[in-house]
Amino acid sequence: MERDEVVARLLREHGRTYAEEAGIRLRDTPAPLYRLLVLTVLFSAPIRAETATAAARELFAAGLRTPRAMAGSSWRTRVAALGRGHYVRYDESTATALGDGAELLLERYGGDLRRMRDRAAGDREALCALLREVPRIGPVGAGIFCREVQAVWPGLRPCFDGRCLSAASGLGLPHTADALAGLVAPDDLARLAAALVRAGS
């Protein structure tokens, strides 16, 4: 199968970002960026992607869509929402992490992740280091956030982490970020990254 056919099939069958699955209409504005961060926190536990996205939807349905709303919610409210999403075993610790993370974002960035991006001054490694200061987010989580947010933060493009590159290699596609970026339009990079992760799972 030709590369173009492989990529077209990937995008057709798996090219939905994880943000889209969680009901996040991603834009370069504070609230949707924060919802992506919440999803990243949920993905940072060893739990199925479907469970993390379901839990995110429940948190958002409960009105916990901004750092201020999350910080102002009770721990029990957060645990209950996570439970409705079947996010078990990690619900209590994650409820704490979400509250603490919201407080951190409000104190350091006024609840606006664009300020975190600006503090990193266009350096992806610096941005990842700042993301790792958010409770529960480690190197993998920081990579997930960057992979998804490149849809609205062009300065991060192309962003393909190790899971993407490994999957690409297994499919006979180029396994460097720049070479992969040449296979799709810039606005499809986040979709291709998500598709590669799914294909490699």
Side-chain angles (χ1 to χ4, degrees), residues 13-106 109 111-113 116 128 131-153 159 161 163-164 167 190-201:
E13 296 181 0
H14 303 293
R16 192 174 186 211
T17 66
Y18 289 97
E20 288 171 329
E21 274 195 9
I24 302 167
R25 190 175 289 178
L26 196 57
R27 298 187 303 278
D28 189 21
T29 55
L33 290 171
Y34 174 67
R35 291 195 285 277
L36 176 59
L37 189 78
V38 169
L39 182 63
T40 300
V41 170
L42 297 174
F43 269 120
S44 294
I47 204 156
R48 294 178 60 199
E50 295 84 357
T51 303
T53 53
R57 285 179 172 274
E58 291 294 340
L59 287 164
F60 304 151
L64 307 182
R65 303 165 68 87
T66 66
R68 197 162 301 283
M70 189 70 76
S73 68
S74 71
W75 179 81
R76 289 184 181 277
T77 295
R78 298 191 294 270
V79 169
L82 291 168
R84 289 192 297 274
H86 306 290
Y87 197 91
V88 294
R89 289 180 55 205
Y90 303 99
D91 53 349
E92 296 186 357
S93 61
T94 300
T96 299
L98 288 169
D100 291 346
E103 293 282 1
L104 180 148
L105 287 177
L106 289 167
Y109 307 106
D112 189 344
L113 282 158
M116 179 188 287
C128 286
L131 286 165
R132 291 196 300 270
E133 294 176 359
V134 177
R136 185 60 67 80
I137 295 180
V140 172
I144 291 169
F145 183 89
C146 290
R147 211 171 61 207
E148 293 272 316
V149 84
Q150 69 179 319
V152 294
W153 286 359
C159 185
D161 60 15
R163 290 183 68 187
C164 296
R191 292 181 59 222
L192 179 58
L196 286 168
V197 170
R198 290 192 183 93
S201 297

Just verifying a value: how many Å separate [X] [atom1] and [Y] [atom2], rounded to the nearest 0.5 Å?
X    : Y    : atom1 : atom2 : result
L104 : Y109 : CG    : OH    : 6.5 Å
L82  : T94  : CG    : OG1   : 6.0 Å
T77  : M70  : OG1   : CE    : 10.5 Å
E92  : R76  : CD    : CZ    : 9.0 Å

Please list, chain by chain and in numerical order, all residues satisfying side-chain hydrogen bond (donor to acceptor under 3.5 Å, both in side chains) with [X], sequence neighbours excluded.
X    : answer
D28  : R117, W153
D91  : none
T40  : none
E103 : none

Inter- and intrachain pairs under side chain to side chain donor-acceptor pair (under 3.5 Å), touching residues 51-71, at least two apart:
E58-R84
On a heavy-atom basis, which atom in [X] and which in [Y] lie closest, and how many Å separate them?
X    : Y    : value
A167 : L196 : CB-O, 3.2 Å
A81  : A62  : CB-CB, 4.4 Å
A194 : R16  : CB-O, 3.7 Å
L33  : L113 : O-CD1, 3.3 Å
A71  : L106 : CB-CD1, 3.8 Å
P67  : G111 : CG-O, 3.6 Å

Mind running side chain to side chain contact (heavy atoms under 4.5 Å, CB included) on S44 and V140 for me, showing each step along the way?
CA-CA 7 Å; S44 294; V140 172; over 6 Å; no
Flag the pair [X] / [Y] as yes when at least one side-chain heavy-atom distance between them is below 4.5 Å, and no otherwise.
X   : Y    : answer
L26 : T17  : no
L42 : L59  : yes
L37 : L105 : yes

Run the salt bridge (Lys or Arg N to Asp or Glu O under 4.0 Å) test against [X] and tell me which residues pass, sequence neighbours left out.
X    : value
E133 : R108
R48  : E50
R147 : D161
R198 : E21

Name all pairs fulfilling the ring-ring contact (aromatic ring centres under 6.0 Å, His included) condition that reach into residues 57-101, sequence neighbours left out, sorted by first residue then second.
none
Among residues two or more places apart or on two chains, list those pairs meeting ring-ring contact (aromatic ring centres under 6.0 Å, His included) that have a residue in residues 18-54.
Y18-F43
Applying side chain to side chain contact (heavy atoms under 4.5 Å, CB included), can you list everything that pairs with A142, at least two apart in sequence or on another chain?
C128, L131, R132, I137
Under 3.5 Å, is there a donor on one side chain and an acceptor on the other for R78 and S73?
yes
